[in-house]
Number of protein chains: 2
Amino acid sequence: MQYAEPINNLIKAISRLPGIGEKTATRLALYILNAKREYVDELSSCLQNVKEKVALCPVCMTFSDTDPCSICNDAGRDPSTVCVVSDYKDMMALESMGGYKGRYHILHGNLAPLKGVGPDDIRIGELVARVEASGIKEVILATGFDAEGEATSAYLSRLLRPYGVRVTRLASGIPVGSFVEFMDGATLGRALDGRREVL
Amino acid sequence: MQYAEPINNLIKAISRLPGIGEKTATRLALYILNAKREYVDELSSCLQNVKEKVALCPVCMTFSDTDPCSICNDAGRDPSTVCVVSDYKDMMALESMGGYKGRYHILHGNLAPLKGVGPDDIRIGELVARVEASGIKEVILATGFDAEGEATSAYLSRLLRPYGVRVTRLASGIPVGSFVEFMDGATLGRALDGRREVL
């Protein structure tokens with residue numbers, strides 16, 4: 001026996017979410033079937049609101065419900081330092097650290113020629129325009145340390161150098177709390193290259 | 001830094017779903033933020049549809065988008081045998097087995113005096129009305145074998161006996177594929193009580 005059509009449609013729609021299989025989707029759909037009408041209305045209006053009220057900040061390209069976003073609008077944050085991240089989640093991780101007082105630029109992806117993602121497919125043009133226009137002194141490249149993040153970082157450093165800005169990259173090495181024995185050769189090589197004087 | 005208000009609201013609404021913590025809710029909300037508008041519209045209309053188009057079948061109380069439901073409307077299914085389950089999911093499990101050709105009655109819960117759930121809070125009245133009205137010959141009690149399911153089953157058997165219908169209960173014992181050594185005493189006791197002649 002099949003579930004009634006509207007239930008089946010809901011199961012299919014939910015199971016398209018990442019990490020949600022058909023079993024979990026069925027469980028959630030049946031929960032929604034039993035849930036109060038108010039909750040379902042709230043959930044679906046939250047879904048709509050996130051699409052209607054959240055847009056990209058025209059300056060740094062982050063998701064925001066204000067224009068510009070709260071960080072670009074914060075006079076206390078140094079506009080001459082811009083940290084470039086691949087993704088909104090990377091920005092949130094750096095923000096939750098709490099120590100960074102500059103601005104951001106979100107690329108919304110990495111260069112990935114094998115997947116057909118070129119420089120025009122991510123927010124590189126907007127970054128170059130910012131560097132051209134305003135008094136940016138340092139661009140910190142904080143894309144990932146996987147192959148695509150590294151390639152994006154290398155591409156950006158070549159692209160931005162002619163503008164006379166300082167281009168830096170996050171340090172690569174052994175994470176705090178981890179052990180030398182568990183590190184791969186590439187990480188150990190980086191950690192050795194980047195070694196610093198003990199004071 | 002906080003997520004923008006609409007994103008935060010969506011995270012909160014998603015994390016109220018069962019088995020979804022704040023981390024998963026955040027991951028799903030950010031996926032939705034990046035997803036195509038069409039998908040989000042589809043998901044929210046599926047949520048609404050399930051509430052608008054699905055109602056309880058007036059005969060057996062199952063969730064259905066037709067009136068009566070496809071099982072109650074199926075002349076090939078014996079109307080004189082009614083299987084009583086606690087929940088819609090129990091009915092779907094029995095249906096996926098495929099061997100049952102009678103009808104159902106869904107209680108939408110079990111008696112649970114400690115939680116304040118009495119006979120008027122679940123669909124017992126509708127079951128009694130069905131037994132009173134029509135030619136039901138056998139009521140199969142298929143509530144769970146936990147304390148609440150057993151109590152509900154015991155209550156129903158006392159309630160229905162005066163109507164002269166045959167009241168049966170699903171067999172209790174060792175599940176197929178399982179081992180005697182892993183069974184608890186209560187299950188072994190039931191299995192022993194319910195032993196059958198080997199032919």
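We name chains A, B, ... by the order of the sequence lines, and we start the count at 1 in each one. In this text, all values refer to a predicted model and were calculated from it rather than measured experimentally.
- With a 6.0 Å radius and a threshold of 12 heavy atoms from other residues, nucleotides or ligands, B/E22 has its CD atom at or below the threshold.
- Taking B/P6, B/S45, B/A35 one by one and counting their heavy-atom pairs under 4.5 Å with chain A, the maximum is reached by B/P6.
- In this structure a side-chain-to-backbone donor-acceptor pair under 3.5 Å is present from B/K51 to A/I32.
- For the pair B/Y31 and A/R16, the tightest heavy-atom approach, listed with the atom from each and the gap, is OH-O, 3.7 Å.
- The CG atom of A/L56 lies 8.5 Å from the CG atom of B/L33; values are rounded to the nearest 0.5 Å.
- Neither the backbone nor the side chain of B/I11 comes within contact range of chain A, judged by heavy atoms closer than 4.5 Å.
- Atom CD1 of A/I7 and atom SG of B/C46 lie 11.5 Å apart (nearest 0.5 Å).
- If you measure heavy-atom distances from B/D87 to chain A, you find no contacts under 4.5 Å at all.
- Scanning for side chain to side chain donor-acceptor pair (under 3.5 Å) contacts around B/T187 gives B/D184, with sequence neighbours left out.
- Within the 4.5 Å cutoff, no side-chain heavy atoms of A/V50 are placed close to those of B/V40.
- Proximity to chain B (any heavy atom under 4.5 Å) is restricted, for A/L30, to the side chain, taken from C-beta onward.
- A/V180 and A/L192 fall into different hydrophobic clusters, where Ile, Leu, Val, Met, Phe, Trp and Tyr side chains are chained together by heavy-atom contacts under 4.5 Å.
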message = Apply side chain to side chain contact (heavy atoms under 4.5 Å, CB included) to residues A/E5 and B/V54 and explain how you reach the verdict.
response = CA-CA 9 Å; A/E5 179 82 9; B/V54 178; over 6 Å; no

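- A continuous path of Ile, Leu, Val, Met, Phe, Trp and Tyr side chains, each step under 4.5 Å between heavy atoms, connects A/Y155 with A/V165, placing both in one hydrophobic cluster.
- Hydrophobic cluster membership is shared by A/M91 and A/M61, with clusters built from Ile, Leu, Val, Met, Phe, Trp and Tyr side chains linked at under 4.5 angstrom.
- B/L107 and B/V85 fall into different hydrophobic clusters, where Ile, Leu, Val, Met, Phe, Trp and Tyr residues are linked whenever their side-chain heavy atoms come under 4.5 Å apart, directly or through other members.
- Environment of CZ in A/R196: sparse, with no more than 12 heavy atoms of neighbouring residues, nucleotides or ligands closer than 6.0 Å.
- Note that the CG atom of B/L17 and the CD1 atom of A/I20 stand 8.5 Å from one another [nearest 0.5 Å].
- The heavy-atom pair separating B/Y3 from A/M92 by the smallest distance is CE2-CG, 3.5 Å.
- Ranking A/R37, A/H108, A/E42, A/K89 against chain B, the residue ahead of the rest is A/R37, based on heavy-atom pairs under 4.5 Å.
- Among residues 137-153 of chain B, no residue has any heavy atom closer than 4.5 Å to a heavy atom of chain A.
- Annotation for A/R27 and B/P18: closest pair NH1-O, 2.9 Å, computed over non-hydrogen atoms.
- Interatomic distance, CG of A/L47 versus CG of B/L28, reported as 10.5 Å (0.5 Å rounding).
- In this structure, B/N34 and A/F63 approach most closely via the heavy-atom pair OD1-CZ, 3.3 Å.
- Under a hydrophobic-cluster definition in which Ile, Leu, Val, Met, Phe, Trp and Tyr are linked whenever side-chain heavy atoms come within less than 4.5 Å, directly or via other members, A/L170 and A/L160 are assigned to different clusters.
- The nearest pair of heavy atoms linking A/S44 to B/S44 is CB-CB, 3.6 Å.
- When the candidates A/L43, A/N9, A/T66, A/N49 are compared by the number of heavy-atom contacts under 4.5 Å with chain B, A/L43 comes out ahead.
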